[in-house]
Peer 1: 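This is the structure I want to talk about, given as structure tokens.
The basis for the numbers below is simple: all heavy atoms, side chains too, and nothing from hydrogens, waters or symmetry mates.
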Amino acid sequence: MLHRKIYQLCCDSREVSIFLRDQQRWIEKARITDIEGDLVTLRYETDEEDELCSWEEMIRIESIGAITQKLASVPKCDFDLPISEDCPEAEQIRKPSSESSPE
């Protein structure tokens, strides 16, 4: 099951966070670039002492304790979120009218 999910994330090229059970650490904002047998190849970047470092790691599937992915985000700044009235009229969902009587 985990192998299939990792394969799907690899094909979708989604950004994930992976917890390595044996090292007790998280790798954040990683991309799964390859799966070969029980080895998973990850690429990610870290910001260390004003340097941006790119990493590629090969880990075993049994070392993976958890995989998470961000579903959505909302900016924290003062931002007006679009509401349904801002959509073009053709895309708006109409409420069923309860006043019409069945014939």
Peer 1: What side-chain donor-acceptor pairs closer than 3.5 Å can you find for residues 6-16, not counting sequence neighbours?
Peer 2:
from	atom 1	to	atom 2	distance (Å)
Gln8	OE1	Lys5	NZ	3.4
Arg14	NH1	Gln69	OE1	3.4

Peer 1: For Ile35 and His3, what are the C-alpha separation, side-chain angles and deciding distance, and is it a side-chain contact (heavy atoms from CB on, under 4.5 Å)?
Peer 2: CA-CA 9 Å; Ile35 302 171; His3 195 277; 3.6 Å; yes

Peer 1: Quick one: closest heavy-atom pair of Ser17 and Lys29, and the distance?
Peer 2: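 Between these two residues, the closest heavy atoms are OG-N, 3.9 Å.
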
Peer 1: Determine whether a donor-acceptor pair (N or O, by modelled atom type, separation under 3.5 Å) exists between the side chain of Arg21 and the backbone of Glu62.
Peer 2: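 Yes; judged by distance alone, with no hydrogens or angles, the pair exists.
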
Peer 1: Sequence neighbours left out, what passes side-chain contact (heavy atoms from CB on, under 4.5 Å) with Arg4? Give chain and number order.
Peer 2: Met1

Peer 1: Would you call Thr41 and Glu57 a side-chain contact if the rule is heavy atoms closer than 4.5 Å?
Peer 2: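 Not in contact.
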
Peer 1: So how far is it from Ile64 CD1 to Leu20 CG, rounded to the nearest 0.5 Å?
Peer 2: 7.5 Å

Peer 1: Any non-hydrogen side-chain atom of Ile67 less than 4.5 Å from a side-chain atom of Leu2?
Peer 2: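 Yes, side chains in contact.
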
Peer 1: For the hydrophobic clusters of this structure (ILVMFWY residues joined by side-chain heavy atoms under 4.5 Å, transitively), does one cluster hold both Ile61 and Met58?
Peer 2: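 They do not share one cluster, since no chain of ILVMFWY contacts under 4.5 Å joins Ile61 to Met58.
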
Peer 1: Report the residues that fulfil side chain to side chain donor-acceptor pair (under 3.5 Å) with Glu48, sequence neighbours left out, ordered by chain and then residue number.
Peer 2: Thr46

Peer 1: Please determine whether side-chain contact (heavy atoms from CB on, under 4.5 Å) holds for the pair Glu56 and Leu42, giving the CA-CA distance in whole Å, both sets of side-chain angles, and the decisive distance to 0.1 Å.
Peer 2: CA-CA 5 Å; Glu56 183 173 274; Leu42 305 173; over 6 Å; no

Peer 1: Mind checking whether Phe19 and Trp26 have parallel, tilted or perpendicular rings, split at 30° and 60°?
Peer 2: tilted

Peer 1: Quick check on Gln24: does its CD atom have over 12 non-hydrogen neighbours (other residues, nucleotides or ligands) under 6.0 Å away?
Peer 2: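 Enclosed: over 12 neighbouring heavy atoms sit under 6.0 Å from CD of Gln24.
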
